[in-house]
There are 2 protein chains.
Amino acid sequence: MASLGELERAVMDLLWAGHEAATANTLRDKLATSTEAKGDAAGHEGKELAVTTVLTVLSRLEKKGLVERERGTRPHRYQAVSSREEHTAELMHEVLGSAPDREAVLAQFIGSVTESEAETLRKLLGHV
Amino acid sequence: MASLGELERAVMDLLWAGHEAATANTLRDKLATSTEAKGDAAGHEGKELAVTTVLTVLSRLEKKGLVERERGTRPHRYQAVSSREEHTAELMHEVLGSAPDREAVLAQFIGSVTESEAETLRKLLGHV
DNA sequence: TCAACTCTTCTACGGTTCGTAGAACAATGA
DNA sequence: TCATTGTTCTACGAACCGTAGAAGAGTTGA
């Protein structure tokens, strides 16, 4: 149950970007303005969504365990459960985990990584 | 357009496993017997599917670029476009590629890899 | 060449997920 | 208490997936 729809992803991107907790209203506004004034190519356009739409999406993200909300405050505040990096890394593990031959996959993976990333990896692995 | 349904995945698994080209009929039989005689837990049970079902799935996989078929031979023969490892590694890159801070994700990723895998990675990267 | 058979394509339906939002209900402030 | 603001419920249409019948096309034995 990992994959996100387009709007769901846009919302997560906002939560990850300014990583404070946000209200549905704030998010709706950001969705409207983000990538709107600049005819952004890949952006998720600047449509004025109904707040309920945003709320529905947030509920779904909550159910998926990606978002948690403070129910105490009156306009509930929503925030990402984990950072984008954590989440992405987790996804990578998920993908990798489903393979019988993990090491072969890793080999393949490493083979197509940029040199600078390879360098980063060497450092992280405690360069021999 | 990356994610696969359960049956689609089962078919890919078969194509990857015995990695010869196979006909729809062969695949249907294998789907029926694989993981059937042993009450396998996670397996995709041993139901007798209609051949057309398998064909539909194969067509969809073809459209997704995961499978190619030989149209020349009469019972068309289907095979995976890339190996499971290639495919999985590609998926990992896809996941990683969508992140703004790739290196941070890699850091996170490496942090939760098993020691033996870390060792493998060192070898692959290292030859220092 | 014709009939029987095999295989593929077309079409379709029900379930699930996602984008979208109205209607109704709850809380909060003046 | 009333108006405002926010939340939950419910719902609908599109897309994707599992599933398969009906019809069309190729193959082959007689």
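Proteins get letters first, then strands, A, B, ... in listed order; numbering begins at 1 in each.
Across all strands shown, B:L4 has no heavy atoms under 4.0 Å from either base or sugar-phosphate atoms.
Using a cut-off of 4.0 Å between Lys/Arg side-chain N and Asp/Glu carboxylate O, A:R122 and A:E119 are scored as salt-bridged.
With sequence neighbours excluded, no residue satisfies side chain to side chain donor-acceptor pair (under 3.5 Å) with B:R60. With sequence neighbours left out, B:E20 forms a salt bridge (Lys or Arg N to Asp or Glu O under 4.0 Å) with no residue at all. Residues satisfying the side chain to side chain donor-acceptor pair (under 3.5 Å) criterion with A:T23, sequence neighbours excluded, are A:T26. Applying the side chain to side chain donor-acceptor pair (under 3.5 Å) test to A:S82 and every residue at least two apart in sequence or in another chain returns nothing. Residues forming a salt bridge (Lys or Arg N to Asp or Glu O under 4.0 Å) with A:R28 (at least two apart in sequence, or on another chain): none.
Per the geometry, CD belonging to A:E8 stands 11 Å off P belonging to C:dT17, to the nearest Å. If you take CZ of A:R60 and P of C:dT16, they are 14 Å apart, rounded to a whole angstrom. Rounded to whole Å, the distance from CG on A:L61 to P on C:dT17 is 14 Å. As a whole-Å value, the separation of A:D29 CG from D:dT5 P is 14 Å. The interatomic distance linking B:L7 (CG) with D:dA20 (P) rounds to 10 Å, in whole Å. Across the protein-nucleic acid pair, B:L31 atom CG and D:dA20 atom P stand 12 Å apart, rounded to whole Å. What separates CG of B:L58 from P of D:dT19 is a distance of 13 Å, to the nearest Å. Here the P atom of nucleotide D:dC17 and the CG atom of B:L49 are 17 Å apart, to the nearest Å.
A 4.5 Å side-chain heavy-atom check between B:L7 and B:V54 finds every atom pair outside the cut-off.
B:K63 has no side-chain polar atom (N or O) that falls below the 4.0 Å cut-off from OP1 or OP2 of D:dC17. Within the 4.0 Å cut-off from OP1 or OP2 of C:dG19, not a single side-chain nitrogen or oxygen of A:T53 is found.
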Reading nucleotides 3-9 of chain C from 5' to 3' and marking B where a protein heavy atom lies under 4.0 Å of the base, S where only the sugar-phosphate is that close, and - otherwise, the string is ----SBB
